[in-house]
Participant: 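The structure that follows is given in the form of structure tokens.
Index from 1, following the sequence.
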Amino acid sequence: MKKLPKNISNYEELITENYYYVDKTKYIELLENLNEKRIMFLRPRKFGKTLFTSMLEYYYDVNKSDKFACLFKDTYIGKNPTKLKNSYYVLRFDFSGIDTSSKESTINGFRENVIRGLNTCINKYNLNYVIDENMSTEGILDNFIMQFEIINKKLYVIIDEYDHFANELLGFN
């Protein structure tokens with residue numbers, strides 16, 4: 001096994017490249033047992049939030065079921081999978097890199113990132129859906145999520161690196 005480099009944030013790479021790994025997959029079961037619709041992780045920088053959310057993505061994503069045995073075979077959750085394993089469409093947002101130099105650039109960067117995340121999801125799952133960019137950002141998100149209710153599919157939303165831009169928005173009153 002190899003020592004983990006500081007910049008690794010992808011669960012698949014961590015496992016397939018044989019890096020040292022502390023198994024945190026038991027937390028998947030614990031999170032599910034909380035029976036909460038929304039969970040927020042508040043941890044300091046460099047505490048593995050991105051890697052943890054990557055693990056969640058690989059665990060829940062319907063498109064990753066073919067990789068489950070390889071990625072989770074030696075873990076707690078691999079030996080004790082839950083009924084929700086590989087049962088969601090995953091919508092992932094990463095809000096790092098948003099220009100927060102002004103209120104306008106922060107809001108525009110947020111909107112662009114939302115649209116990019118939705119387009120990634122649409123393409124990943126080959127969804128028959130077109131984003132109406134004339135709508136507000138909130139409207140775009142609401143409409144997208146409503147489509148999953150209509151087609152009766154489960155959507156797992158992962159939001160990473162939200163803290164910097166969110167703090168800036170709060171600072172703009």
Side-chain angles (χ1 to χ4, degrees), residues 8-17 24-25 27-41 48-73 75 77-78 81-100 104-166 169:
I8 196 163
S9 60
N10 180 290
Y11 182 77
E12 181 178 15
E13 183 181 353
L14 174 85
I15 300 301
T16 59
E17 296 297 320
K24 299 196 181 220
T25 61
Y27 290 106
I28 292 172
E29 183 180 62
L30 294 173
L31 290 170
E32 286 184 18
N33 289 336
L34 291 175
N35 201 24
E36 295 289 334
K37 285 190 169 215
R38 292 167 196 86
I39 298 172
M40 181 177 280
F41 298 111
K49 293 181 297 291
T50 299
L51 184 56
F52 187 75
T53 59
S54 177
M55 176 189 65
L56 293 175
E57 182 176 2
Y58 278 93
Y59 184 76
Y60 287 114
D61 193 333
V62 297
N63 280 358
K64 310 281 189 202
S65 61
D66 61 326
K67 296 182 177 190
F68 181 83
C70 171
L71 298 178
F72 293 98
K73 67 179 181 248
T75 65
I77 206 73
T82 67
K83 64 181 180 167
L84 297 177
K85 153 183 102 85
N86 300 120
S87 64
Y88 286 88
Y89 289 71
V90 175
L91 171 59
R92 184 178 187 92
F93 296 113
D94 178 349
F95 293 124
S96 63
I98 291 178
D99 176 7
T100 58
E104 183 178 324
S105 67
T106 302
I107 291 170
N108 288 339
F110 174 74
R111 179 180 177 81
E112 291 167 7
N113 197 293
V114 165
I115 291 170
R116 184 173 35 254
L118 294 177
N119 278 323
T120 298
C121 185
I122 290 165
N123 293 330
K124 178 179 182 180
Y125 300 106
N126 197 26
L127 301 174
N128 186 20
Y129 183 80
V130 177
I131 297 170
D132 181 356
E133 294 193 30
N134 293 317
M135 297 175 76
S136 68
T137 306
E138 296 85 356
I140 290 171
L141 280 166
D142 285 344
N143 195 16
F144 185 79
I145 291 169
M146 189 183 332
Q147 295 305 310
F148 277 85
E149 293 174 11
I150 292 169
I151 63 173
N152 199 28
K153 299 288 184 186
K154 294 187 291 186
L155 182 65
Y156 199 98
V157 180
I158 297 173
I159 302 172
D160 195 14
E161 299 292 341
Y162 59 87
D163 51 343
H164 177 67
F165 97 90
L169 281 177

Participant: Side chains of T16 and L71, heavy atoms from C-beta outward: is any pair under 4.5 Å?
Facilitator: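 Result yes, sub-4.5 Å side-chain heavy-atom pair found.
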Participant: Is it true that a side-chain atom of S54 and a backbone atom of T50 form a donor plus acceptor pair closer than 3.5 Å?
Facilitator: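 Checked: no pair found.
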Participant: Can the positive tip of K85 be found less than 6.0 Å from the middle of the six-membered ring of F68, inside 45° of the ring normal?
Facilitator: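 Yes, a cation-pi geometry.
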Participant: Between K83 and E29, does any NZ, NE, NH1 or NH2 come within less than 4.0 Å of an OD or OE carboxylate oxygen?
Facilitator: no
Participant: Among T120, I131, L141, which one satisfies side chain to side chain contact (heavy atoms under 4.5 Å, CB included) with I115?
Facilitator: I131
Participant: Can you name the closest pair of heavy atoms from K24 and M55 and give their distance?
Facilitator: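 Looks like O-CE, 3.9 Å.
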Participant: Side chain of N63, backbone of K124: donor and acceptor closer than 3.5 Å?
Facilitator: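 Indeed, once roles are kept as given, a pair shorter than 3.5 Å links the two residues.
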Participant: What's the shortest heavy-atom distance between K154 and L84, and which atoms?
Facilitator: NZ-CD2, 3.5 Å
Participant: Compute whether any side-chain donor of one residue and acceptor of the other, for Y11 and E57, lie under 3.5 angstrom apart.
Facilitator: no
Participant: Do the non-hydrogen side-chain atoms of Y89 and D61 ever get within less than 4.5 Å of each other?
Facilitator: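 No, their side chains stay 4.5 Å or more apart.
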Participant: Give the minimum heavy-atom separation between S105 and D99, together with the two atoms involved.
Facilitator: OG-O, 3.0 Å
Participant: Applying the side chain to side chain contact (heavy atoms under 4.5 Å, CB included) criterion to L118, which one of I140, N143, I145 satisfies it?
Facilitator: I140
Participant: Would you say the side chains of Y129 and N119 form a donor-acceptor pair under 3.5 Å?
Facilitator: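 Per modelled atom types, Y129 and N119 side chains form no pair under 3.5 Å.
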Participant: How close do T106 and T100 get, heavy atom to heavy atom, and via which atoms?
Facilitator: OG1-CA, 3.1 Å
Participant: Is a side-chain N or O of R92 found less than 3.5 angstrom from the main chain of D160, in a donor-acceptor match?
Facilitator: no
Participant: Would you check if V114 and T137 make a side-chain contact, meaning some heavy-atom pair closer than 4.5 Å?
Facilitator: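 They are in side-chain contact.
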Participant: Ignoring hydrogens, what is the shortest heavy-atom contact between F93 and N113? Give both atom names and the distance.
Facilitator: CD2-O, 4.0 Å
Participant: Taking side-chain contact (heavy atoms from CB on, under 4.5 Å) as the definition, give me every residue that meets it alongside E138, ordered by chain and number, with sequence neighbours left out.
Facilitator: S136
Participant: Compare all side-chain heavy atoms of I159 with those of F95 and state whether any distance is below 4.5 angstrom.
Facilitator: yes
Participant: Does the structure place the NZ or CZ of K153 under 6.0 Å from the centre of the six-membered ring of F148, at an angle of no more than 45° from the ring's axis?
Facilitator: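 Not flagged: K153 not positioned over aromatic ring of F148.
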Participant: Of all the heavy-atom pairs spanning Y60 and V90, show the shortest one and how long it is.
Facilitator: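 Closest pair (atom of Y60, atom of V90, distance): C-CG2, 4.3 Å.
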Participant: Within the 3.5 Å criterion, strictly below it, is a donor on Y59 or T82 matched to an acceptor on the partner's side chain?
Facilitator: yes
Participant: Using a cut-off of 6.0 Å, state whether more than 12 heavy atoms not belonging to N128 lie near its atom CG.
Facilitator: no
